[in-house]
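Per chain, numbering begins at 1; letters A, B, ... match sequence-line order.
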Amino acid sequence: MALRFYNTLTQRLEEFRPLDGHTVRMYTCGPTVYHYVHIGNFRTFSFQDVLRRVLRMRGWKLFHVMNITDVDDKIIRNAVAEGKSLREYTAPYTEAFLEDAAKLRLERPEKLVFATDHIPDMVEAIRRLAERQHTYESEGSVYFRISSFPEYGKLSHTNFSGNLAGARVDVDEYEKADARDFVLWKARKPGEPYWDTPLGPGRPGWHIECSVMAMKYLGETIDIHTGGVDLIFPHHENEIAQSECITGKPFARFWLHAEHLMVEGQKMSKSLGNFYTLRDILARGWAPEAIRYLLISAPYRKQLNFTFDGLKAAASAIERLRNFQTRLETERFDPGIDEDQEQRAAKALADYHEGLDDDLNTADALGAVFEFIRETNIAMDQGRFRAGNVASAKKLLGDFDLVFDVLRPTLAEGALSDEEVEALLKERTEAKKARDFARADQIRAMLLEKGIVVEDTRDGVRWKRR
RNA sequence: GGCGCGGUAGCCAAGUGGUAAGGCAGAGGUCUGCAAAACCUUUAUUCGCGGGUUCGAAUCCCGCCCGCGCCUCCA
């Protein structure tokens with residue numbers, strides 16, 4: 001079956017293909033760089049990475065734009081407090097975000113865009129909205145009037161015609177005509193950074209940047225727009241209102257939203273203070289691949305509870321995968337080819353891809369891979385697995401790693417090089433031949449200390465990094 | 001109150017009408033000079049609870065209980 005995604009807009013699973021039939025134009029909401037992003041944020045970015053990889057695996061070209069929000073209330077507050085310009089304040093966090101993303105092996109989007117580089121574009125967009133009577137001005141700020149857009153609420157499936165019983169409404173935004181109207185341009189406040197524009201001195205509201213940058217680089221109707229579920233309302237709802245009121249065309253065809261990462265049953269968030277950054281976890285000695293695996297092994301539309309037990313399980317699962325890969329590469333198999341094994345590989349490959357096609361069901365896809373590994377280990381133990389079966393097994397593992405990307409270990413700083421390890425193992429093998437087991441064990445223990453696990457097998461010694 | 005996700009073994013988790021994938025942990029075993037490694041076997045008569053539909057339900061319908069998210073900045 002073809003690739004299909006759950007579309008928040010239609011609340012249904014829909015077959016996906018890009019509008020122009022070959023290039024997927026995708027916009028993803030990136031981080032606000034007022035702090036280190038936490039691994040909850042990275043769950044969403046990891047999902048986006050899986051999405052990228054699967055789209056390309058299905059043969060589509062990809063043009064993916066991610067924004068970096070480098071102006072907002074928190075950034076301004078912190079920058080002013082530290083006496084820094086916006087750029088001075090945000091640059092290190094932007095850098096840190098990109099470094100962390102690289103450690104998690106997240107592919108770089110084709111284009112990264114910064115809000116503060118697009119102020120004139122935003123001003124122009126607001127001007128066009130004003131022209132079409134969607135805005136009003138109050139005390140130097142410009143607001144979007146949601147009553148001017150009858151479809152408002154279609155993404156979050158909320159009816160805004162009645163009142164919001166029980167909902168919390170911002171009491172200090174008294175200058176708005178309607179509590180649900182949102183700000184496009186915020187009037188300058190004393191002591192805060194601002195831009196002088198035809199709209200008056202001030203700065204952009206949060207939502208307008210995404211509408212403007214998405215359409216500038218990807219066109220008026222984009223294929224895919226994604227973010228965390230918390231962005232459905234109001235952020236994405238407002239993006240739709242702004243964009244569609246400007247162009248009169250559908251803004252995004254597919255809306256994909258990642259569920260939250262939880263910690264102890266609650267959403268991991270900066271405001272709750274219950275968050276871990278990638279740096280926190282790496283400092284405790286965990287491999288970045290384990291974190292990547294943990295974040296992507298559960299389907300993206302399910303809340304995922306973060307625990308260190310879960311991280312340990314992820315690390316062990318990666319071990320199993322790598323052990324199998326090592327076996328495939330180092331063991332000697334009898335010549336010939338086993339047809340049952342070929343069928344097993346073909347079925348596993350088909351199941352793996354079908355899992356991914358089904359709204360990126362990574363858990364299902366993984367099941368196919370692990371089942372294949374168990375069955376193939378047995379075939380190897382029983383001598384039924386032949387040299388001619390290596391290729392199909394490698395193909396499965398290769399396709400697995402094209403998306404999951406966890407087989408290659410991250411080398412720790414100060415790690416022994418492959419050559420150094422090989423030299424020590426050669427010495428150990430000679431010691432063993434001379435029945436000097438004390439020396440052999442000493443070398444093995446020393447290597448283990450350096451994170452190298454030595455294994456003696458029928459086909460000789462082999463090793464791996466832990 | 002509205003909208004949305006979810007409740008499957010000790011933990012994570014797939015499965016949306018045909019008789020419970022997979023991972024981790026635990027327990028046995030194989031191999032090995034030894035082994036911490038690797039590999040194998042094993043672990044839910046049962047899917048939050050109660051009714052109903054059906055030859056057949058974890059899967060559909062009705063009612064209930066519980067957890068989480070959004071409705072305010074938020075991935």
Side-chain angles (χ1 to χ4, degrees), chain A residues 8 11 28-32 34 37-48 69 72-74 153 156-160 162-173 179-180 206 226-235 237 257-262 265-272 275 293-294 297-305 307 309-321 323-324 326-327 351 355 358 361-374 377-378 380-382 432 435 437 440-441 444-445 448 453-458 462-464 466:
Chain A
T8 307
Q11 297 180 297
T28 61
C29 285
T32 301
Y34 69 98
V37 306
H38 57 65
I39 57 167
N41 299 306
F42 273 121
R43 190 210 184 174
T44 298
F45 302 137
S46 301
F47 143 69
Q48 291 165 355
T69 299
D72 91 320
D73 291 348
K74 286 174 186 139
S156 53
H157 303 100
T158 310
N159 179 4
F160 286 88
N163 58 0
L164 298 179
R168 286 159 291 175
V169 173
D170 232 346
V171 287
D172 60 23
E173 304 232 34
R180 280 93 68 191
W206 174 36
T226 79
V229 286
D230 53 351
L231 296 188
I232 296 171
F233 189 88
H235 186 53
E237 196 72 73
H257 291 100
E259 258 297 350
H260 284 305
L261 187 68
M262 316 292 284
Q266 279 202 305
K267 167 169 110 158
M268 181 177 290
S269 80
K270 285 172 189 156
S271 46
L272 290 173
F275 64 92
Y293 184 97
L294 178 65
S297 58
Y300 75 94
R301 286 200 297 125
K302 258 188 103 162
Q303 290 174 351
L304 174 64
N305 198 24
T307 62
D309 277 354
L311 197 50
K312 172 73 173 63
S316 300
I318 292 173
E319 280 302 290
R320 183 165 170 82
L321 290 155
N323 287 332
F324 179 74
T326 303
R327 194 168 184 191
D351 288 350
D358 182 15
N361 191 337
T362 45
D364 193 24
L366 277 171
V369 174
F370 280 109
E371 193 178 353
F372 173 78
I373 288 177
R374 193 190 68 250
N377 271 324
I378 294 170
M380 287 172 169
D381 288 349
Q382 298 179 343
K432 275 178 70 179
R435 310 212 44 94
F437 294 121
D441 289 351
R444 184 170 67 189
L448 185 63
V453 178
V454 178
E455 298 167 18
D456 293 315
T457 74
R458 280 194 297 268
R462 71 187 185 199
W463 61 279
K464 66 183 181 188
R466 192 169 55 181

- Query: side chain to side chain contact (heavy atoms under 4.5 Å, CB included) between F47(A) and E259(A): does it pass, once the steps are laid out?
  - Reply: CA-CA 10 Å; F47(A) 143 69; E259(A) 258 297 350; over 6 Å; no

- May I have the step-by-step check of side chain to side chain contact (heavy atoms under 4.5 Å, CB included) for V454(A) and L448(A), ending in yes or no? CA-CA 7 Å; V454(A) 178; L448(A) 185 63; over 6 Å; no

- Starting from the C-alpha separation in whole Å, work towards a yes-or-no answer on side chain to side chain contact (heavy atoms under 4.5 Å, CB included) for N41(A) and K270(A). CA-CA 10 Å; N41(A) 299 306; K270(A) 285 172 189 156; 4.0 Å; yes

- Message: Using the rule given for side chain to side chain contact (heavy atoms under 4.5 Å, CB included), can you reason through R43(A) versus I39(A), listing the C-alpha separation, both sets of side-chain angles and the distance that settles it, and then say yes or no?
- Response: CA-CA 6 Å; R43(A) 190 210 184 174; I39(A) 57 167; over 6 Å; no

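Put simply, K267(A) has a side-chain N or O that comes within less than 4.0 Å of OP1 or OP2 on C70(B). Residue K432(A) places no side-chain N or O under 4.0 Å from the OP1 or OP2 atom of U32(B). Contact annotation: N305(A) does not reach the phosphate of A13(B) (side-chain N/O to OP1 or OP2, under 4.0 Å). N323(A) has a side-chain polar atom (N or O) that falls below the 4.0 Å cut-off from OP1 or OP2 of A38(B). The side chain of K302(A) places an N or O atom within less than 4.0 Å of a non-bridging phosphate oxygen (OP1 or OP2) of A14(B). Here R374(A) does not reach the OP1 or OP2 of C40(B): none of its side-chain N or O atoms lies under 4.0 Å away. For C31(B), neither phosphate oxygen OP1 nor OP2 lies less than 4.0 angstrom from any side-chain nitrogen or oxygen of R327(A). For S316(A), a side-chain nitrogen or oxygen approaches OP1 or OP2 of A25(B) to under 4.0 Å.
One can place CZ of R301(A) at 14 Å from C1' of A14(B), the figure rounded to the nearest angstrom. Atoms CG (N361(A)) and C1' (A21(B)) sit 11 Å apart, rounded to a whole Å. Rounded to whole Å, atom P of U32(B) lies 13 Å from atom CG of D381(A). The distance between atom CG of L231(A) and atom P of C71(B), rounded to the nearest whole Å, is 10 Å. One atom, CZ of F324(A), and another, P of G23(B), lie 13 Å apart when rounded to the nearest Å. If you measure from atom CD of E237(A) to atom P of G4(B), you get 13 Å, rounded to the nearest angstrom. Remark: P of G67(B) and CD of E259(A) are 17 Å apart, rounded to the nearest angstrom. Between the CD1 atom of I378(A) and the C1' atom of C31(B) there is a distance of 16 Å, given to the nearest Å.
Contacts of I232(A) with the nucleic acid, taken as non-hydrogen atoms under 4.0 Å apart, are absent. As judged by a 4.0 angstrom heavy-atom cut-off over every strand, M262(A) is placed among residues touching the sugar-phosphate backbone only. H260(A) comes within 4.0 angstrom of a base, heavy atoms only. The residue T32(A) sits close only to the backbone: its heavy atoms come under 4.0 Å of sugar-phosphate atoms, none of a base. Among the protein residues, H257(A) comes within range of no part of the nucleic acid, since none of its heavy atoms lies under 4.0 Å from any strand. At a threshold of 4.0 angstrom between heavy atoms, the contacts of F437(A) include nucleobase atoms, whether or not backbone atoms are also involved. Within the 4.0 angstrom heavy-atom criterion, base atoms lie near R444(A). Residue A258(A) is out of contact with every strand shown, counting any heavy-atom pair closer than 4.0 Å. K464(A) comes within 4.0 angstrom of the backbone, heavy atoms only, and of no base. Base contact: Q303(A) has a heavy atom under 4.0 Å from a base atom. Contact annotation for D309(A): no contact, since no heavy-atom pair falls under 4.0 Å across all strands. Within 4.0 Å of G40(A), counting heavy atoms only, lies at least one base atom of the nucleic acid.
Looking at heavy atoms from C-beta onward, L321(A) lies in side-chain contact with Y293(A) at the 4.5 angstrom threshold. Residues N323(A) and R327(A) have side chains not in contact (no heavy-atom distance under 4.5 Å, counting atoms from C-beta outward). You'll find the side chain of K267(A) reaches within 4.5 Å of the side chain of D230(A), heavy atoms only.
Pairing of C70(B), defined by two Watson-Crick or G-U wobble distances under 3.5 Å, is identified with G2(B). Across all strands shown, G33(B) forms no Watson-Crick or G-U wobble pair with both key distances under 3.5 Å. The partner of G26(B) is U42(B), judged by Watson-Crick or G-U wobble contacts that both fall below 3.5 Å. Using the Watson-Crick or G-U wobble rule with both distances under 3.5 Å, C47(B) pairs with nothing in any strand shown.
Between the CZ atom of R180(A) and the OG1 atom of T158(A) there is a distance of 11.0 Å, given to the nearest 0.5 Å.
Between the C1' atoms of A58(B) and C71(B), the separation comes to 32 Å (whole Å). If you take atom P in G50(B) and the same atom in A57(B), they sit 15 Å apart, rounded to whole Å. For the P atom pair drawn from C61(B) and G67(B), the interatomic distance equals 24 Å after rounding to whole Å. Using atom C1' as the reference point in both A20(B) and G15(B), the two lie 8 Å apart (nearest Å). U43(B) sits 35 Å from U53(B) when the C1' atoms are compared, rounded to a whole Å. Comparing U16(B) with C11(B), their C1' atoms are spaced 25 Å from each other, to the whole Å. With both ends at atom P, the span from G23(B) to U46(B) equals 24 Å, rounded to whole Å. Remark: the separation of the P atoms in C40(B) and C31(B) is 16 Å, to the nearest Å.
Of the candidates A37(B), C39(B), G33(B), A37(B) carries the atom nearest the V453(A) side chain, counting heavy atoms from C-beta on. Counting only heavy atoms from C-beta on, N41(A) has its side chain closest to A75(B) among G22(B), A75(B), A38(B). The side chain of R320(A) approaches C24(B) more closely than any other nucleotide in the set A38(B), A13(B), C24(B).
Side-chain atoms of K74(A) and base atoms of C73(B) include a donor and an acceptor less than 3.5 Å apart. One cannot find a donor-acceptor pair under 3.5 Å joining the base of G4(B) and the side-chain atoms of D230(A).
Using a cut-off of 4.0 Å between Lys/Arg side-chain N and Asp/Glu carboxylate O, R444(A) and D441(A) are scored as salt-bridged.
At distances below 3.5 Å, not a single donor-acceptor pair connects side-chain atoms of Q303(A) with backbone N or O atoms of H260(A).
Aromatic stacking is not marked for F42(A) over A75(B), as the cut-offs of 5.5 Å for the centres and 30° for the planes do not both hold.
Sequence order on RNA chain B of the closest nucleotides to L261(A) and L448(A) puts L448(A) first from the 5' end. Each of H38(A) and A314(A) was matched to the nucleotide of RNA chain B holding its nearest heavy atom; the match closer to the 5' end belongs to A314(A).
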